[in-house]
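What you see below is based on every heavy atom in this structure, not just the backbone, and it leaves out hydrogens, waters and symmetry mates. The residues of the chain are indexed from 1 along the displayed sequence.
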Amino acid sequence: MLGQIPGLPDAEMIWDGSARPAGDGMPLGATSPVNEAINELRQAARIQVAGEMYDAAGPIAMVADEAWSRAGWWIPADDAPHAVRQAHDLLGDRPQVNVLWAGPGGTLPEPTWVRVQVTEVNERSTGPQDVPWLRVFDGESLFGMRLSDIAVVRRADPAATTTAIDAGSAPADTDTEADRETDTRAAAAARGRRRA
């Protein structure tokens, strides 16, 4: 389910579709969790969404596409080519989503829910760390979220207000395009402030 059997981190991966290799044929950067908090949240989310998708007649096909269409959940795969393919398939129509996010490079004290609109899925970024990322809009500005910094994405009501991410609190030593776009946008998330 969702690229992994819940609760069994060493299990053989079971994918719901083909991988999406980089257009240039080079390996993609990591989408595995940036820290242990994101790893634990992804595992817990896989178990939770599996429970939500359990049919009375028994288990159903619990794959990323099915989880998104039935429950509105996406847990990024730890395997980059599959995570990028899932992101393109599920977020390519620019939905508004709730993201459980660790901040740029996992810099927030704890992962925080933010509501943003996905505007673009990117398999590459510039800088020493070349990682897949999402360009998102918070209602005021565009910025980036690395897939490795994301625990869970949940579909949001399109009419809901996005979370304003204030300028000024992200660390200055970030090194990817996604990080640079996020550098001035993390203060509200760090304080856990949300607009309802």
Side-chain angles (χ1 to χ4, degrees), residues 2-3 15 17-39 41-42 64 68 74-154 162-190:
L2 312 176
W15 299 111
S18 62
R20 181 180 175 133
D24 58 12
M26 299 297 290
L28 292 169
T31 58
S32 55
V34 67
N35 57 35
E36 190 56 30
I38 293 296
N39 183 52
L41 287 165
R42 283 185 183 180
W68 183 255
W74 178 53
I75 299 106
D78 296 352
D79 178 79
H82 285 93
V84 168
R85 195 266 312 155
Q86 292 169 356
H88 277 285
D89 288 355
L90 306 180
L91 306 177
D93 62 351
R94 302 168 53 131
Q96 185 157 286
V97 294
N98 294 310
V99 180
L100 187 52
W101 182 49
T107 55
L108 294 179
E110 61 184 38
T112 302
W113 284 103
V114 294
R115 184 175 299 126
V116 294
Q117 180 182 359
V118 176
T119 63
E120 189 177 22
V121 176
N122 297 278
E123 63 187 37
R124 296 260 181 239
S125 59
T126 59
Q129 282 191 309
D130 180 14
V131 294
W133 60 287
L134 304 176
R135 186 181 308 267
V136 298
F137 181 63
D138 68 355
E140 297 176 8
S141 57
L142 289 166
F143 60 100
M145 290 181 166
R146 294 189 290 182
L147 296 187
S148 59
D149 297 336
I150 296 172
V152 180
V153 176
R154 295 204 64 180
T162 54
T163 303
I165 309 297
D166 292 338
S169 72
D173 61 349
T174 55
D175 55 11
T176 67
E177 182 179 350
D179 291 335
R180 285 192 299 273
E181 290 197 8
T182 306
D183 273 354
T184 60
R185 313 285 188 251

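Here the closest non-hydrogen pair linking Leu41 and Pro111 is CD1-CG, 3.6 Å. Annotation for Val97 and Val99: closest pair CG2-CG2, 3.7 Å, computed over non-hydrogen atoms. Summarising the geometry of Pro132 relative to Gly29, their closest heavy-atom pair is CD-O, 3.4 Å, with the distance given to 0.1 Å. Ala64 and Leu90 get closest at one heavy-atom pair: O-CD1, 4.1 Å.
In this structure the side chain of Trp74 never reaches within 4.5 angstrom of the side chain of Ile150, judged on heavy atoms. Contact check for Leu134 versus Leu147: side-chain heavy atoms found under the 4.5 Å cut-off. The side-chain heavy atoms of Val114 and Asp138, taken from C-beta on, include no pair separated by under 4.5 Å. Contact of the Thr31 side chain with the Pro76 side chain is not registered, since no non-hydrogen atoms from C-beta on lie closer than 4.5 Å. Looking at Val136 and Phe143, their side chains come closer than 4.5 Å, going by heavy atoms from C-beta outward.
Remark: Asp149 CG to Leu108 CG distance equals 8.5 Å, nearest 0.5 Å. The distance from the CH2 atom of Trp101 to the CD atom of Glu110 is 14.0 Å, given to the nearest 0.5 Å. If you take CD1 on Ile75 and CZ on Arg154, they are separated by 9.5 Å, rounding to the nearest 0.5 Å. Distance CH2/Trp113 to OG1/Thr163: 11.0 Å, rounded to 0.5 Å. Between atom CD of residue Glu120 and atom CG of residue Leu142 there is a gap of 9.0 Å, rounded to the nearest 0.5 Å.
No donor-acceptor pair closer than 3.5 Å links the side chain of Ser148 to the backbone N or O of Pro33. The closest donor-acceptor contact from the side chain of Asp130 to the backbone of Ser125 lies under 3.5 Å. Between the side chain of Thr119 and the backbone N or O of Gln117 there is no donor-acceptor pair closer than 3.5 Å. Between the side chain of Trp133 and the main chain of Arg124, a donor-acceptor pair closer than 3.5 Å is present.
With hydrogens and angles left out, the side-chain atoms of Asp89 and Gln86 include no donor and acceptor closer than 3.5 Å.
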